[in-house]
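What follows is a single structure, written as C-alpha coordinates, with notes after it.
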Amino acid sequence: MKKVLTIAGSDCSGGAGIQADIKTMTAHKVYAMSVITALTAQNTTGVYGVLDAGADFVGQQMDCVFKDIFPDAVKIGMVSNIETIQMIAAKLKEYNAKNIVVDPVMVSTSGCALMQPDAMDTLISVLLPMGDIITPNIPEAEKLCGFEIKNVDDMKKAAEVIGRNLSGSVLIKGGHLTETADDLLYHDGEFMWYRGERVNNPNTHGTGCTLSSAIASNLALGYDMKTSVQNAKNYITGALKDGLDLGEGSGPLNHCFNL
Ligand SMILES: Nc1ncnc2c1ncn2[C@@H]1O[C@H](COP(=O)(O)OP(=O)(O)OP(=O)(O)O)[C@@H](O)[C@H]1O
Ligand SMILES: Cc1ncc(CO)c(N)n1
(Lines give C-alpha, C1' and ligand atoms only; values in the text may rest on other atoms or scores of the structure.)
(Ligands and ions follow the chains in the order given, each with its own letter.)
Protein backbone atom coordinates (compact mmCIF):
# COMPACT_ATOMS: atom_id res chain seq x y z
CA MET A 1 0.00 0.00 0.00
CA LYS A 2 1.31 3.48 -0.84
CA LYS A 3 1.71 5.89 2.08
CA VAL A 4 1.04 9.63 2.09
CA LEU A 5 1.77 12.16 4.84
CA THR A 6 -0.10 15.40 5.40
CA ILE A 7 1.56 18.16 7.43
CA ALA A 8 -1.24 20.62 8.15
CA GLY A 9 -3.71 22.07 10.64
CA SER A 10 -6.72 20.31 12.11
CA ASP A 11 -10.22 21.50 11.14
CA CYS A 12 -12.59 20.32 13.87
CA SER A 13 -15.55 20.64 11.48
CA GLY A 14 -13.97 18.04 9.19
CA GLY A 15 -14.11 19.84 5.84
CA ALA A 16 -10.60 21.23 5.43
CA GLY A 17 -7.09 20.69 6.80
CA ILE A 18 -5.97 17.33 8.18
CA GLN A 19 -9.48 15.87 8.13
CA ALA A 20 -10.04 16.67 4.44
CA ASP A 21 -6.58 15.33 3.66
CA ILE A 22 -7.08 11.99 5.42
CA LYS A 23 -10.52 11.50 3.82
CA THR A 24 -9.11 12.32 0.38
CA MET A 25 -6.16 9.97 0.78
CA THR A 26 -8.39 7.19 2.07
CA ALA A 27 -10.70 7.66 -0.92
CA HIS A 28 -7.60 7.18 -3.09
CA LYS A 29 -6.83 3.92 -1.25
CA VAL A 30 -3.47 5.12 0.06
CA TYR A 31 -2.42 4.93 3.72
CA ALA A 32 -2.79 8.39 5.33
CA MET A 33 -0.52 9.79 8.06
CA SER A 34 -0.74 13.23 9.68
CA VAL A 35 1.64 15.65 11.36
CA ILE A 36 -0.53 18.31 12.98
CA THR A 37 0.93 21.84 12.97
CA ALA A 38 -1.98 23.51 14.77
CA LEU A 39 -5.48 22.93 16.05
CA THR A 40 -8.11 25.28 14.70
CA ALA A 41 -11.55 26.00 16.06
CA GLN A 42 -13.55 26.54 12.88
CA ASN A 43 -16.65 25.51 11.04
CA THR A 44 -18.41 26.31 7.79
CA THR A 45 -18.96 29.92 8.95
CA GLY A 46 -15.35 30.86 9.76
CA VAL A 47 -12.16 30.34 11.76
CA TYR A 48 -12.55 31.27 15.45
CA GLY A 49 -9.30 30.12 17.08
CA VAL A 50 -5.85 28.69 16.42
CA LEU A 51 -3.63 26.76 18.84
CA ASP A 52 -0.12 26.05 17.54
CA ALA A 53 1.49 22.68 18.18
CA GLY A 54 4.93 24.35 18.27
CA ALA A 55 7.92 23.72 16.05
CA ASP A 56 9.60 21.16 18.34
CA PHE A 57 6.52 18.99 18.55
CA VAL A 58 6.02 19.18 14.79
CA GLY A 59 9.62 18.00 14.42
CA GLN A 60 9.03 15.15 16.86
CA GLN A 61 5.95 14.01 14.92
CA MET A 62 7.95 14.10 11.67
CA ASP A 63 10.73 12.00 13.23
CA CYS A 64 8.19 9.39 14.32
CA VAL A 65 6.66 9.17 10.85
CA PHE A 66 9.81 9.24 8.72
CA LYS A 67 11.81 6.81 10.90
CA ASP A 68 9.06 4.21 10.79
CA ILE A 69 6.72 4.44 7.79
CA PHE A 70 8.45 6.42 5.04
CA PRO A 71 5.84 8.31 2.98
CA ASP A 72 5.68 8.00 -0.81
CA ALA A 73 4.41 11.59 -0.98
CA VAL A 74 4.02 14.54 1.41
CA LYS A 75 1.39 17.27 1.30
CA ILE A 76 1.98 20.47 3.27
CA GLY A 77 -0.90 22.77 4.15
CA MET A 78 -1.35 25.22 7.04
CA VAL A 79 1.96 26.20 8.65
CA SER A 80 1.32 29.07 10.99
CA ASN A 81 4.70 30.47 12.08
CA ILE A 82 8.35 30.91 11.10
CA GLU A 83 9.84 28.32 13.48
CA THR A 84 7.43 25.60 12.33
CA ILE A 85 8.19 26.32 8.68
CA GLN A 86 11.93 26.11 9.33
CA MET A 87 11.51 22.86 11.26
CA ILE A 88 9.45 21.26 8.48
CA ALA A 89 11.99 22.28 5.84
CA ALA A 90 14.91 20.93 7.91
CA LYS A 91 13.19 17.57 8.48
CA LEU A 92 12.13 17.19 4.83
CA LYS A 93 15.80 17.70 3.89
CA GLU A 94 17.10 15.42 6.65
CA TYR A 95 14.89 12.54 5.49
CA ASN A 96 15.14 13.35 1.77
CA ALA A 97 11.35 13.39 1.39
CA LYS A 98 9.90 12.66 -2.05
CA ASN A 99 6.92 13.97 -4.03
CA ILE A 100 6.32 17.14 -2.01
CA VAL A 101 3.10 19.09 -2.67
CA VAL A 102 2.95 22.51 -1.00
CA ASP A 103 -0.42 24.22 -0.73
CA PRO A 104 0.49 27.73 0.43
CA VAL A 105 -2.35 28.42 2.87
CA MET A 106 -1.60 32.14 3.22
CA VAL A 107 -4.72 34.17 2.65
CA SER A 108 -7.52 33.67 5.10
CA THR A 109 -10.95 34.46 3.74
CA SER A 110 -12.97 34.19 6.94
CA GLY A 111 -11.95 35.03 10.50
CA CYS A 112 -8.63 34.27 12.24
CA ALA A 113 -5.49 34.11 10.13
CA LEU A 114 -4.23 30.59 9.44
CA MET A 115 -0.69 31.94 9.03
CA GLN A 116 1.01 34.69 11.01
CA PRO A 117 1.67 37.54 8.55
CA ASP A 118 5.41 37.67 9.35
CA ALA A 119 5.77 34.01 8.30
CA MET A 120 4.96 34.67 4.65
CA ASP A 121 8.53 35.51 3.58
CA THR A 122 9.86 32.32 5.21
CA LEU A 123 7.19 30.21 3.55
CA ILE A 124 8.11 31.72 0.19
CA SER A 125 11.88 31.49 0.54
CA VAL A 126 12.24 28.24 2.52
CA LEU A 127 9.30 25.91 1.89
CA LEU A 128 7.94 26.70 -1.57
CA PRO A 129 11.27 25.92 -3.31
CA MET A 130 11.13 22.42 -1.79
CA GLY A 131 7.84 21.58 -3.52
CA ASP A 132 7.66 19.31 -6.55
CA ILE A 133 4.47 21.28 -7.08
CA ILE A 134 2.91 24.28 -5.34
CA THR A 135 -0.82 25.00 -5.59
CA PRO A 136 -1.68 28.67 -4.90
CA ASN A 137 -5.20 30.00 -5.42
CA ILE A 138 -5.60 33.38 -7.14
CA PRO A 139 -5.10 35.62 -4.04
CA GLU A 140 -2.08 33.54 -3.00
CA ALA A 141 -0.63 33.65 -6.52
CA GLU A 142 -1.04 37.46 -6.45
CA LYS A 143 1.08 37.62 -3.28
CA LEU A 144 3.72 35.40 -4.89
CA CYS A 145 3.98 37.27 -8.21
CA GLY A 146 3.37 40.78 -6.89
CA PHE A 147 0.66 41.84 -9.38
CA GLU A 148 -3.12 41.52 -9.70
CA ILE A 149 -4.52 38.53 -11.60
CA LYS A 150 -7.68 39.57 -13.43
CA ASN A 151 -7.87 37.17 -16.35
CA VAL A 152 -6.38 34.02 -17.85
CA ASP A 153 -3.50 35.94 -19.48
CA ASP A 154 -2.53 37.26 -16.06
CA MET A 155 -2.68 33.68 -14.76
CA LYS A 156 -0.11 32.63 -17.37
CA LYS A 157 2.18 35.57 -16.58
CA ALA A 158 1.90 34.86 -12.87
CA ALA A 159 2.66 31.15 -13.29
CA GLU A 160 5.79 32.01 -15.25
CA VAL A 161 6.99 34.61 -12.73
CA ILE A 162 6.33 32.31 -9.76
CA GLY A 163 7.84 29.30 -11.51
CA ARG A 164 11.02 31.20 -12.43
CA ASN A 165 12.35 30.96 -8.86
CA LEU A 166 11.30 27.34 -8.33
CA SER A 167 12.51 24.02 -9.65
CA GLY A 168 9.08 22.42 -9.19
CA SER A 169 5.76 22.98 -10.97
CA VAL A 170 3.15 25.65 -10.25
CA LEU A 171 -0.60 25.02 -10.37
CA ILE A 172 -2.64 28.22 -10.17
CA LYS A 173 -6.19 27.32 -9.21
CA GLY A 174 -8.83 29.28 -11.03
CA GLY A 175 -11.64 28.57 -8.58
CA HIS A 176 -11.80 32.26 -7.63
CA LEU A 177 -11.58 33.66 -11.17
CA THR A 178 -12.69 31.77 -14.21
CA GLU A 179 -16.29 31.20 -15.22
CA THR A 180 -15.53 27.58 -15.73
CA ALA A 181 -13.06 26.73 -12.90
CA ASP A 182 -9.98 26.21 -15.08
CA ASP A 183 -6.63 25.61 -13.40
CA LEU A 184 -3.25 26.34 -15.02
CA LEU A 185 -0.17 24.13 -14.61
CA TYR A 186 3.30 25.47 -15.40
CA HIS A 187 5.50 22.40 -15.64
CA ASP A 188 8.96 22.02 -17.19
CA GLY A 189 8.58 25.37 -18.98
CA GLU A 190 5.21 24.41 -20.52
CA PHE A 191 1.67 25.55 -19.78
CA MET A 192 -1.19 23.12 -19.48
CA TRP A 193 -4.83 24.01 -18.80
CA TYR A 194 -7.09 21.78 -16.77
CA ARG A 195 -10.54 22.72 -17.91
CA GLY A 196 -13.08 22.31 -15.16
CA GLU A 197 -16.81 22.30 -15.23
CA ARG A 198 -17.95 25.00 -12.75
CA VAL A 199 -20.27 23.27 -10.31
CA ASN A 200 -23.10 25.40 -9.03
CA ASN A 201 -22.44 24.52 -5.41
CA PRO A 202 -21.65 27.16 -2.75
CA ASN A 203 -20.21 24.47 -0.50
CA THR A 204 -16.51 24.77 -1.30
CA HIS A 205 -14.95 24.60 2.19
CA GLY A 206 -11.64 22.77 1.87
CA THR A 207 -11.41 22.51 -1.93
CA GLY A 208 -7.74 23.60 -1.85
CA CYS A 209 -6.76 21.07 0.82
CA THR A 210 -8.64 18.34 -1.01
CA LEU A 211 -7.06 19.07 -4.40
CA SER A 212 -3.49 19.13 -3.03
CA SER A 213 -4.05 15.86 -1.13
CA ALA A 214 -5.48 14.26 -4.26
CA ILE A 215 -2.37 15.34 -6.22
CA ALA A 216 -0.10 13.90 -3.49
CA SER A 217 -2.07 10.63 -3.48
CA ASN A 218 -1.74 10.30 -7.26
CA LEU A 219 2.00 11.03 -7.16
CA ALA A 220 2.38 8.37 -4.46
CA LEU A 221 0.48 5.93 -6.68
CA GLY A 222 3.13 6.50 -9.35
CA TYR A 223 1.36 8.79 -11.81
CA ASP A 224 3.42 11.56 -13.43
CA MET A 225 2.78 15.20 -12.57
CA LYS A 226 0.42 16.04 -15.45
CA THR A 227 -1.67 12.91 -14.94
CA SER A 228 -1.74 13.42 -11.15
CA VAL A 229 -3.15 16.93 -11.59
CA GLN A 230 -5.76 15.70 -14.09
CA ASN A 231 -6.85 12.86 -11.81
CA ALA A 232 -7.04 15.25 -8.85
CA LYS A 233 -9.09 17.73 -10.89
CA ASN A 234 -11.55 14.96 -11.82
CA TYR A 235 -11.78 13.96 -8.16
CA ILE A 236 -12.49 17.49 -6.86
CA THR A 237 -15.13 18.05 -9.52
CA GLY A 238 -16.83 14.79 -8.54
CA ALA A 239 -16.68 15.64 -4.83
CA LEU A 240 -18.28 19.05 -5.50
CA LYS A 241 -20.91 17.67 -7.89
CA ASP A 242 -22.13 15.21 -5.29
CA GLY A 243 -23.94 18.18 -3.75
CA LEU A 244 -23.43 17.57 -0.03
CA ASP A 245 -24.98 20.45 1.93
CA LEU A 246 -23.96 20.62 5.59
CA GLY A 247 -23.69 23.53 8.04
CA GLU A 248 -24.77 27.16 8.04
CA GLY A 249 -22.01 28.50 5.78
CA SER A 250 -19.82 27.23 2.96
CA GLY A 251 -20.04 23.52 3.64
CA PRO A 252 -17.67 20.62 2.99
CA LEU A 253 -17.41 18.39 -0.08
CA ASN A 254 -18.30 14.73 -0.15
CA HIS A 255 -14.81 13.24 -0.13
CA CYS A 256 -16.25 9.73 -0.37
CA PHE A 257 -18.48 10.28 -3.41
CA ASN A 258 -16.61 7.61 -5.35
CA LEU A 259 -16.64 4.84 -2.73
N1 LIG B 1 -17.58 26.01 -8.08
C2 LIG B 1 -16.59 25.22 -8.49
N3 LIG B 1 -16.81 24.29 -9.46
C4 LIG B 1 -15.85 23.48 -9.90
N5 LIG B 1 -14.58 23.52 -9.43
C6 LIG B 1 -14.29 24.42 -8.47
C7 LIG B 1 -15.26 25.32 -7.94
N8 LIG B 1 -14.66 26.09 -6.99
C9 LIG B 1 -13.38 25.68 -6.92
N10 LIG B 1 -13.15 24.69 -7.82
C11 LIG B 1 -11.91 23.96 -8.03
O12 LIG B 1 -11.46 23.49 -6.76
C13 LIG B 1 -10.03 23.50 -6.72
C14 LIG B 1 -9.57 24.38 -5.57
O15 LIG B 1 -9.60 25.71 -6.02
P16 LIG B 1 -9.84 27.00 -5.12
O17 LIG B 1 -9.42 28.14 -5.97
O18 LIG B 1 -11.22 26.96 -4.59
O19 LIG B 1 -8.79 26.70 -3.96
P20 LIG B 1 -8.62 27.38 -2.55
O21 LIG B 1 -9.13 28.78 -2.58
O22 LIG B 1 -7.21 27.17 -2.16
O23 LIG B 1 -9.55 26.51 -1.65
P24 LIG B 1 -9.93 26.71 -0.09
O25 LIG B 1 -11.38 27.11 -0.13
O26 LIG B 1 -9.74 25.37 0.50
O27 LIG B 1 -9.00 27.75 0.47
C28 LIG B 1 -9.59 23.98 -8.09
O29 LIG B 1 -9.38 22.87 -8.93
C30 LIG B 1 -10.77 24.80 -8.58
O31 LIG B 1 -10.81 24.93 -9.97
C1 LIG C 1 -6.75 23.80 8.99
C2 LIG C 1 -7.10 24.47 7.71
N3 LIG C 1 -6.22 24.42 6.69
C4 LIG C 1 -6.53 25.03 5.52
C5 LIG C 1 -7.72 25.72 5.36
C6 LIG C 1 -8.04 26.42 4.04
O7 LIG C 1 -9.13 25.87 3.43
C8 LIG C 1 -8.61 25.74 6.46
N9 LIG C 1 -9.81 26.38 6.39
N10 LIG C 1 -8.28 25.11 7.62
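What's counted below: heavy atoms across the whole structure, side chains too, no hydrogens, waters or symmetry copies. Remember, it's 1-based here, ligands and their atoms both numbered in the order they're listed.
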Which of these passes side chain to side chain donor-acceptor pair (under 3.5 Å) with Ser213: Asp103, Thr24, Thr6, Asp21? Asp21

Can you sort out which atoms of ligand 1 are near Leu240, meaning under 4.0 Å from one of its heavy atoms? 2 (C), 3 (N), 4 (C), 5 (N), 6 (C), 7 (C)

Quick one: list whatever passes ring-ring contact (aromatic ring centres under 6.0 Å, His included) with Tyr186, sequence neighbours left out. Phe191

Across all chains, not counting sequence neighbours, the salt bridge (charged side-chain N to carboxylate O under 4.0 Å, His left out) partners of Lys3 are Asp72

Heavy-atom nearest option to atom 9 (C) of ligand 1, drawn from Ala141, Gly175, Ser212, Gly15: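 Selected option, by shortest heavy-atom distance: Gly175.
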
Considering Leu171, Thr207, Asp11, Ile172 one by one, which has a heavy atom nearer to atom 16 (P) of ligand 1 than any of the others?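 The option holding the nearest heavy atom is Thr207.
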
So for Glu197 against ligand 1, with non-hydrogen atoms under 4.0 Å, the contacting part is backbone

For ligand 1, is any non-hydrogen atom under 4.0 Å from Val199's backbone (N, CA, C, O), its side chain (CB onward), both, or neither? both

Mind jotting down which protein residues get a heavy-atom contact under 4.0 Å with ligand 2? Chain and number order, please. Gly9, Ser10, Ala16, Gly17, Gln42, Met78, Val105, Leu114, Cys209

Which residue pairs pass the side-chain hydrogen bond (donor to acceptor under 3.5 Å, both in side chains) test when at least one of the two sits in residues 116-133, sequence neighbours left out?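 Not a single pair qualifies under side-chain hydrogen bond (donor to acceptor under 3.5 Å, both in side chains).
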
Considering only NZ, NE, NH1 and NH2 on the basic side and carboxylate oxygens on the acidic side, decide whether Glu94 and Lys91 come within less than 4.0 Å.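 Result for this pair is yes, salt bridge flagged.
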
Run the salt-bridge test on Asp183 and Lys173 with the 4.0 Å N-O cut-off and return the result as yes or no.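 Salt bridge flag = no for Lys173 with Asp183.
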
For the backbone of Lys157 and the side chain of Glu160, can you confirm whether one donor and one acceptor N or O come within less than 3.5 Å of each other? no

